[in-house]
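Working notes, structure below.
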2 protein chains.
Amino acid sequence: MTEPAAMLRIGEAAQRAGVSERTLRYYEEIGLLVPAGHSTGGCREYGAEELARVQQIRELQELIGLNLEEIRNVVTREDRIGALRDAYRRTESPSERHELLLEALEVTEALHSRVAAKVARIEEFRDDLAERIERYRSLLAEEAAAPAPSPA
Amino acid sequence: MTEPAAMLRIGEAAQRAGVSERTLRYYEEIGLLVPAGHSTGGCREYGAEELARVQQIRELQELIGLNLEEIRNVVTREDRIGALRDAYRRTESPSERHELLLEALEVTEALHSRVAAKVARIEEFRDDLAERIERYRSLLAEEAAAPAPSPA
DNA sequence: GTCTGGGTTCACGTTGACGTAAGATGTAAG
DNA sequence: CTTACATCTTACGTCAACGTGAACCCAGAC
């Protein structure tokens, strides 16, 4: 189990993730995404986990509208949770684990309520649009039923 | 009716709208928001309608994630619809009115489907977050029930 | 009067999130 | 080994959406 898992170099990785190579390097530059490893010659290598993270970053960016610094706060928190998961049984310290869990819960709840608020507003907006569409439709129907003044 | 409607100068207007004065001037510069009028001395004057538009712009920007050019496409379209509404009975030309209505419908539907798609994705995201919160909660509950190793 | 306290118009500065080009180096194929 | 292409680092360029002066104007309080 746990095979070498087919690492991708930056070109392939970028293509699969739907971003540019520059973007991957930039994410690394600002501490958002560290490649899984490097080849002997120094080429970055990305695995499935990194691709998933890029996906997550893009969602937070485009969907939620966070900037990359806010996103870094979120994902580094998640990294620590991930570390917790890894060292789950060989527990560092139970109290520390407890703290991390509490922190994870808190941060996730904060993000959740933020997202929920946004959902509420955007749904309202969507419904307003739907209403307007209906109004336009009924205006058009009205027009079709009305005695259209024949040209000249 | 239709009182003078208490025009605001840029300072007040910006404060009420929750943006900077620079932002209002910038919106004007790129043709997004024309002040309702000017004082004799040349000061911009904004009314309730303009404040509402700023509100709308910010929603499209922050909520939907449109850039100001896309927003301009939307609001100028709406301006034309507004003009249609104004000249509703003293119809310019019925066929022109028809065209405008069709266009308005089309554009609004496009925006609506875009927003709807975004709502779907963001709801999914929100639900994922909710799930994770549940997992954290149950982990904490588990921990509380487990035989916590008493210190020393 | 003049003295603030908003305004005005340029016009250059800034910041985030990359794009892009240069020159050196790695990697896979023949 | 050479050739060809992918990647590397370094560093300057770009674009949207404003921020931030500088220098001038104008209305009301004193």
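Below, read A as the first sequence line, B as the second, and so on, with proteins coming before strands; counting in each chain starts at 1.
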Output one line per pair: protein atom, nucleotide atom from nucleotides 14-16 of chain D, and distance, for all N/O pairs under 3.5 Å.
none

Between dA11(D) (P) and Arg25(A) (CZ): distance, integer Å: 16 Å
Would you mind writing out the side-chain donor-acceptor pairs for residues 24-38 of chain B within the sub-3.5 Å range, not counting sequence neighbours?
residue, atom, partner, partner atom, Å
Tyr27(B), OH, Arg58(B), NH1, 2.5
Glu28(B), OE1, Arg44(B), NH1, 2.7

Between Arg53(B) and Glu78(B), does any side-chain N to carboxylate O distance fall below 4.0 Å? no
Cationic N near anionic O, under 4.0 Å, Glu109(B) to Arg137(A): yes
Under-4.0 Å salt bridge between Arg77(A) and Glu103(A): yes
Within residues 115-129 of chain A or reaching into it, pairs that qualify as salt bridge (Lys or Arg N to Asp or Glu O under 4.0 Å) - sequence neighbours excluded: none
By a strict heavy-atom criterion of less than 4.0 Å, which residues belonging to residues 13-23 of chain B are in contact with DNA chain D? Ser20(B), Arg22(B), Thr23(B)
Whether the side chain of Thr23(A) engages the backbone of Val19(A) through a donor-acceptor N/O pair (distance < 3.5 Å, no angle test) should be reported. no
Evaluate whether atom CD of Glu62(A) has more than 12 neighbouring non-hydrogen atoms of other residues, nucleotides or ligands under 6.0 angstrom away. yes
At a cut-off of 3.5 Å, list every protein nitrogen or oxygen paired with a nitrogen or oxygen from nucleotides 27-30 of chain D, distance to 0.1 Å.
none

Separation of Ile10(A) atom CD1 from dT25(C) atom C1', in whole Å? 15 Å
To the nearest 0.5 Å, tell me how far Ile10(A) CD1 sits from Arg22(A) CZ. 10.0 Å
Contact residues, residues 50-63 of chain B to DNA chain D [heavy atom, < 4.0 Å]: Arg58(B), Gln61(B)
